[in-house]
Amino acid sequence: MPELPEVEVVCRGLDALIRGEKIEAVITFRDGLRYPFPDFSALVGASIEQVSRRSKYILIRCVLEEGGPCLLVWHLGMTGQFHVLPMAEEAGKHEHVRFDFKSGKSLRYRDARRFGYAGVFSEASWLQSDWYLALGPEPLSPSFHADYFYALCKKSNTAIKPLMMQAHAVVGVGNIYASESLFQAGVHPKRMAKRIAYRRVKALVLAIQQTLSRAIDAGGSSISDFVQVDGKPGYFAHDFYVYGREAAPCRRCSAQIKRMVQTGRSTFYCPQCQR
DNA sequence: CTGAAGACCTGCCTGC
DNA sequence: TGCAGGCAGGTCTTCA
């Protein structure tokens with residue numbers, strides 16, 4: 001399901017809906033997803049203080065009864081969804097974990113393909129974890145800028161699109177927004193990163209930031225099964241310029257949008273606008 | 001070391 | 001209608 005904008009939208013929705021809730025029970029319907037589940041029982045009795053995000057990880061900050069904060073970290077994989085429902089409502093299809101709150105509400109995690117994963121950390125152990133340490137800069141933070149990305153491009157020996165999608169380069173740029181940002185910047189997805197001029201790298205950085213920001217503002221993309229926490233779809237898909245538009249006319253120049261496979265992923269581009 | 005390909009899963013759509 | 005094949009937003013592991 002999610003790239004960074006979708007995760008951001010889910011976080012905002014969750015923060016509004018479960019902040020302050022007290023966890024009464026955690027029920028798992030299997031042993032794990034991508035990895036075995038952590039010991040969720042540590043969270044029983046904890047109150048949810050805040051929901052935020054780092055990269056595509058959802059960070060659910062809890063305060064334990066005995067005092068001391070605790071961090072529930074969740075990655076949605078491809079098809080993970082959180083829903084807040086009344087406790088009494090029956091488990092839906094592919095529901096794997098349920099957090100019951102004292103208020104009678106409950107947080108459900110569904111994930112058809114089961115690529116999602118979760119961990120329980122202390123604040124300090126999260127910052128030292130392999131998951132955290134693998135992450136590059138946030139695309140919407142000041143640490144992601146043209147000088148930084150240009151230096152990285154120069155060192156790289158790969159095409160620009162796979163580089164953009166590597167988490168150590170910049171987090172949160174997935175397959176959709178990589179294609180969309182490259183179109184906006186007029187850069188061909190197969191262009192070798194080291195052969196892009198500084199001014200074009202600068203345009204690409206700006207395009208990534210604008211594309212992600214606009215998607216967040218629109219509530220995330222509504223392709224396939226993305227839904228917000230309240231079940232409403234996102235609306236950004238209506239704005240795609242190239243993604244999923246193979247053989248359709250380019251919105252800028254009317255040339256046919258092309259699809260190709262690049263490092264195992266579909267890439268969409270306009271052969272006329274992107275060089 | 002780097003970078004590409006394979007693997008993990010299920011569901012859905014297309015075409016025969 | 002049924003079924004095989006291809007495809008799907010991520011990322012970790014394996015291989016060259």
Side-chain angles (χ1 to χ4, degrees), chain A residues 1-11 29-37 53-58 73-82 92-97 109-119 129-136 139 152-182 189-195 208 211-212 215-216 218-228 233-240 242-247 259-268:
Chain A
M1 158 174 59
E3 295 188 31
L4 185 141
E6 289 73 34
V7 177
E8 176 66 28
V9 169
V10 168
C11 280
F29 299 107
R30 56 188 310 119
D31 294 337
L33 299 164
R34 178 174 192 144
Y35 308 119
F37 284 134
R53 175 189 68 71
R54 169 72 172 109
S55 179
K56 292 168 192 161
Y57 292 100
I58 295 170
V73 177
W74 212 294
H75 196 296
L76 300 173
M78 293 265 241
T79 51
Q81 296 181 352
F82 276 116
K93 204 175 181 191
H94 303 301
E95 189 170 312
H96 306 304
V97 188
Y109 181 72
R110 292 182 196 161
D111 191 343
R113 285 171 77 180
R114 305 207 301 263
F115 286 169
Y117 49 103
S129 68
D130 288 346
W131 296 350
Y132 182 86
L133 293 173
L135 302 177
L152 205 62
C153 286
K154 277 286 163 201
K155 281 192 292 187
S156 146
N157 195 34
T158 185
I160 184 63
K161 188 198 175 224
L163 177 65
M164 289 164 73
M165 292 178 62
Q166 285 168 23
H168 73 83
V170 56
V171 303
V173 181
N175 201 40
I176 296 175
Y177 299 115
S179 282
E180 290 296 313
S181 303
L182 285 164
K190 273 199 171 155
R191 175 156 298 269
M192 290 301 283
K194 64 168 75 152
R195 295 191 53 241
I208 289 169
T211 304
L212 294 176
I216 291 169
S221 300
S222 65
I223 1 180
S224 177
D225 56 1
F226 175 68
V227 286
Q228 302 184 42
Y235 294 99
F236 189 71
H238 306 299
D239 290 342
F240 287 161
V242 287
Y243 188 84
R245 299 192 65 242
E246 182 179 16
R259 172 184 177 272
M260 65 177 166
V261 175
Q262 211 175 2
T263 58
R265 313 298 300 273
S266 284
T267 300
F268 298 88

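Sequence lines set the chain letters: A, B, ... in the order given, protein chains first and strands last, and positions in each chain run from 1.
Atoms NZ and CG, from A:Lys161 and A:Leu182 in turn, are 8.0 Å apart once rounded to the nearest 0.5 Å. Expressed to the nearest 0.5 Å, how far OG1 of A:Thr79 lies from CZ of A:Arg113 amounts to 6.5 Å. Rounded to the nearest 0.5 Å, atoms CE (A:Met164) and CG (A:Leu152) are 12.0 Å apart. In this structure, CG in A:Asn175 is found 9.0 Å from CD in A:Gln262, a value given to the nearest 0.5 Å.
Using a 4.0 Å cut-off on heavy atoms, none of the residues of residues 154-171 of chain A approach DNA chain C.
Distances shown here put every side-chain N or O of A:Tyr117 at or beyond 4.0 Å from the OP1 or OP2 atom of C:dG10. Contact check, A:Arg265 against C:dG10: a side-chain N or O comes under 4.0 Å of OP1 or OP2.
With sequence neighbours left out, the salt bridge (Lys or Arg N to Asp or Glu O under 4.0 Å) criterion links A:Arg53 to A:Glu8, A:Glu138.
In this structure, A:Met192 atom CE and B:dA4 atom C1' are separated by 12 Å, rounded to whole Å. Whole-Å rounding puts the A:Tyr132 OH to C:dT11 P distance at 16 Å. In this structure, A:Glu3 places its CD atom 13 Å from P of C:dA8, rounding to the nearest Å. Summarising the geometry, the separation between CD on A:Gln262 and C1' on B:dG3 is reported as 13 Å, rounded to the nearest angstrom. In this structure, A:Lys56 places its NZ atom 10 Å from P of C:dC12, rounding to the nearest Å. Spacing between atom CG of A:Leu133 and atom P of C:dT11 amounts to 16 Å, rounded to whole angstrom units.
In this pair, A:His96 and A:Tyr109 present their aromatic rings tilted. The plane angle is within the 30 to 60° band.
Looking at A:Ser266 and A:Arg259, their side chains do bring a donor and an acceptor atom within 3.5 Å of each other.
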Practice prompt. Please step through side-chain contact (heavy atoms from CB on, under 4.5 Å) for the pair A:Val242 and A:Thr267, ending with a clear verdict.
Written response: CA-CA 9 Å; A:Val242 287; A:Thr267 300; over 6 Å; no
Practice prompt. Show the numbers, then the answer: is there a side-chain contact (heavy atoms from CB on, under 4.5 Å) between A:His75 and A:Lys56?
Written response: CA-CA 6 Å; A:His75 196 296; A:Lys56 292 168 192 161; 3.7 Å; yes
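A donor-acceptor pair is defined here as one N or O able to donate and one able to accept, closer than 3.5 Å; no such pair exists between the side chain of A:Glu180 and the backbone of A:Thr211. Checking side-chain atoms of A:Ser181 against main-chain N and O of A:Tyr177 turns up a donor-acceptor pair under 3.5 Å.
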What nitrogen or oxygen pairs link the protein and nucleotides 4-7 of chain C at under 3.5 Å?
none

All N/O contacts under 3.5 Å from nucleotides 14-16 of chain C to the protein, with atom names and distances to one decimal?
none

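For B:dC1 and C:dT11, the P atoms lie 23 Å apart once the distance is rounded to whole Å. With P as the reference atom, C:dG6 and B:dG6 are 14 Å apart, rounded to whole Å.
Applying the 6.0 Å contact sphere to CZ of A:Arg195 captures no more than 12 heavy atoms from other residues, nucleotides or ligands.
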Worksheet, complete the sentence: Its contact letters, B for base, S for sugar-phosphate only and - for none at protein heavy atoms under 4.0 Å, make nucleotides 6-13 of chain B read --BBBS--
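Counting all heavy atoms, side chain and backbone alike, A:Gly116 lies closest to A:Asp111 at N-OD2, 3.0 Å. Across every non-hydrogen atom of A:Leu4 and A:Ser55, the tightest pair is CD1-O, 4.3 Å.
Cation-pi geometry between A:Arg245 and A:Phe240 is not met at under 6.0 angstrom from the ring centre and within 45 degrees of the axis.
With A:Trp74 as the fixed residue, the ring pair (Phe, Tyr, Trp, His ring centres under 6.0 Å) test singles out one of A:Tyr117, A:Trp131, A:Phe82, A:Tyr35: A:Phe82.
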Worksheet item: According to the Watson-Crick and G-U wobble definition with distances under 3.5 Å, which dot-bracket string, read 5' to 3', encodes DNA chain C, using [ ] for crossing pairs and | for pairs with another strand?
Response: .|||||||.|||||||
